[in-house]
Number of protein chains: 2
Amino acid sequence: MERFREIGLKLTPQRMAILEYLDGNTTHPSAEDIYQHVRKRFPMISFATVYNTLEALRKRGLILELTIDPERKRYDPNIHPHHHLICLKCKSVVDVELDFNITVPEELKGRFEILGNHIEFYGLCEKCSEKGGESDGSV
Amino acid sequence: MERFREIGLKLTPQRMAILEYLDGNTTHPSAEDIYQHVRKRFPMISFATVYNTLEALRKRGLILELTIDPERKRYDPNIHPHHHLICLKCKSVVDVELDFNITVPEELKGRFEILGNHIEFYGLCEKCSEKGGESDGSV
DNA sequence: ACGTTCCATGATAATTATTCTCATTTTTAT
DNA sequence: ATAAAAATGAGAATAATTATCATGGAACGT
Ligand SMILES: [Mn+2]
Ligand SMILES: [Mn+2]
Ligand SMILES: [Zn+2]
Ligand SMILES: [Zn+2]
């Protein structure tokens, strides 16, 4: 929490509230989620500040911006390489902290400088699986 | 091309043009890309028709809607399970038709009904890798 | 504590992708 | 040819995100 100053980020109450909400959060919240939660304790915060803060954190590599949900961006304070499950019905995103040992053939590496990979598993979470899970078929 | 009628899709000139453009296309075009290309031979086509057609095809499982590009949805007529590379700089998307043999532990399967998976590799394509590839760090 | 500099905030407008509405036209089956 | 059903397209509407910019507040050196 203190090291934000060190990376050239001013520590404001708004940012502290956002950081506090993100710290250890595994729900992969959207900007809207973050806004709504922070707003409870900080009613005057603006949406712009949420986006500004998220962008500042992302640029410094302190959070990840996930493109796993077709509707909106989701943010992840867990910056260690890991994978995700997304429920096609309720859109919940769950961490998969497993090493799948993805190795690509040299032939491919020659044509593309691979910097990383991310597996998205899609399916139905426990809750949605029970009561007849109808998804919309998107990937 | 004929089997569209069989699935309850009326065959219009607009749709034929879109289908023709998509057939065998491996560029993973966006709706905008499709619109611009089809427009050349079919100037009066509307954006709504492009979206309508894509949605109709998607609902019937004839194309995939990819969420790999943070900016926009990309469409893929190749519906066989496969993976993708995305260039962080020029956003080009390339197929990876390899089987990586992803097996998830039973423990996880118990808590989530996994219907499929998709690996996205990110990095720099040959063209962008040459001339000092600066990405924006998004995942 | 004070002052200065620079960055952050937030109200609001703008942009962009996508979806919706609905009157009109076209396809397809009879 | 006719009629029913579905598709088209112009445009409005929605939703997520980004941009503007005047004002306020942190940081830091004094
Ligand atoms: Mn995660
Ligand atoms: Mn593909
Ligand atoms: Zn669910
Ligand atoms: Zn590239």
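Chain A is the first sequence line, chain B the second, and so forth, proteins listed ahead of strands; every chain is numbered from 1.
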A.B. asks: Gln14(A) side chain N/O closer than 4.0 Å to the phosphate oxygens (OP1, OP2) of dG10(C)?
C.D. replies: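 Checking dG10(C) against Gln14(A), a side-chain N or O does come within under 4.0 Å of OP1 or OP2.
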A.B. asks: Would you call the rings of His118(A) and His84(A) parallel, tilted or perpendicular, taking 30° and 60° as the class edges?
C.D. replies: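 It falls in the perpendicular class, over 60°.
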A.B. asks: Atom CG of Leu54(A) to atom C1' of dA8(C): distance rounded to whole Å?
C.D. replies: 14 Å
A.B. asks: Within the 3.5 Å criterion, strictly below it, is a donor on Ser129(A) or Glu113(B) matched to an acceptor on the partner's side chain?
C.D. replies: yes
A.B. asks: dT9(C) phosphate, OP1 or OP2: any side-chain N/O from Ser46(A) under 4.0 angstrom?
C.D. replies: no
A.B. asks: Looking at His28(A) and Val93(A), would you say the former's side chain and the latter's main chain have a donor-acceptor pair under 3.5 Å?
C.D. replies: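 Flag set: sc His28(A) to bb Val93(A) pair under 3.5 Å.
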A.B. asks: Any side-chain to backbone donor/acceptor pair from Arg60(B) onto Ile7(B)? Under 3.5 Å, distance only.
C.D. replies: yes
A.B. asks: On DNA chain D, which is the earliest and which the latest nucleotide, 5' to 3', with an atom closer than 4.0 Å to a heavy atom of chain A?
C.D. replies: dA16(D) to dA27(D)
A.B. asks: With a 3.5 Å distance limit and no angle check, can you tell me whether Asp33(B) reaches the backbone of Ser30(B) through a side-chain donor-acceptor pair?
C.D. replies: yes
A.B. asks: Any chance you could list the contact pattern along nucleotides 18-30 of chain C? Use B for base contacts, S for sugar-phosphate-only contacts and - for none, protein heavy atoms under 4.0 Å, 5' to 3'.
C.D. replies: BBB------BS--
A.B. asks: Quick one: do Tyr21(A) and Phe42(A) satisfy ring pair (Phe, Tyr, Trp, His ring centres under 6.0 Å)? Show the steps, please.
C.D. replies: CA-CA 12 Å; Tyr21(A) 176 63; Phe42(A) 219 115; over 10 Å; no
A.B. asks: Determine whether the side chains of Asp76(A) and His82(A) contain a donor N or O and an acceptor N or O closer than 3.5 Å.
C.D. replies: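 Yes, a side-chain donor-acceptor pair sits under 3.5 Å.
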A.B. asks: Under 4.5 Å between side-chain heavy atoms, hopping through other hydrophobics if needed: is there a path connecting Tyr35(B) to Ile63(B)?
C.D. replies: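 In one cluster: yes.
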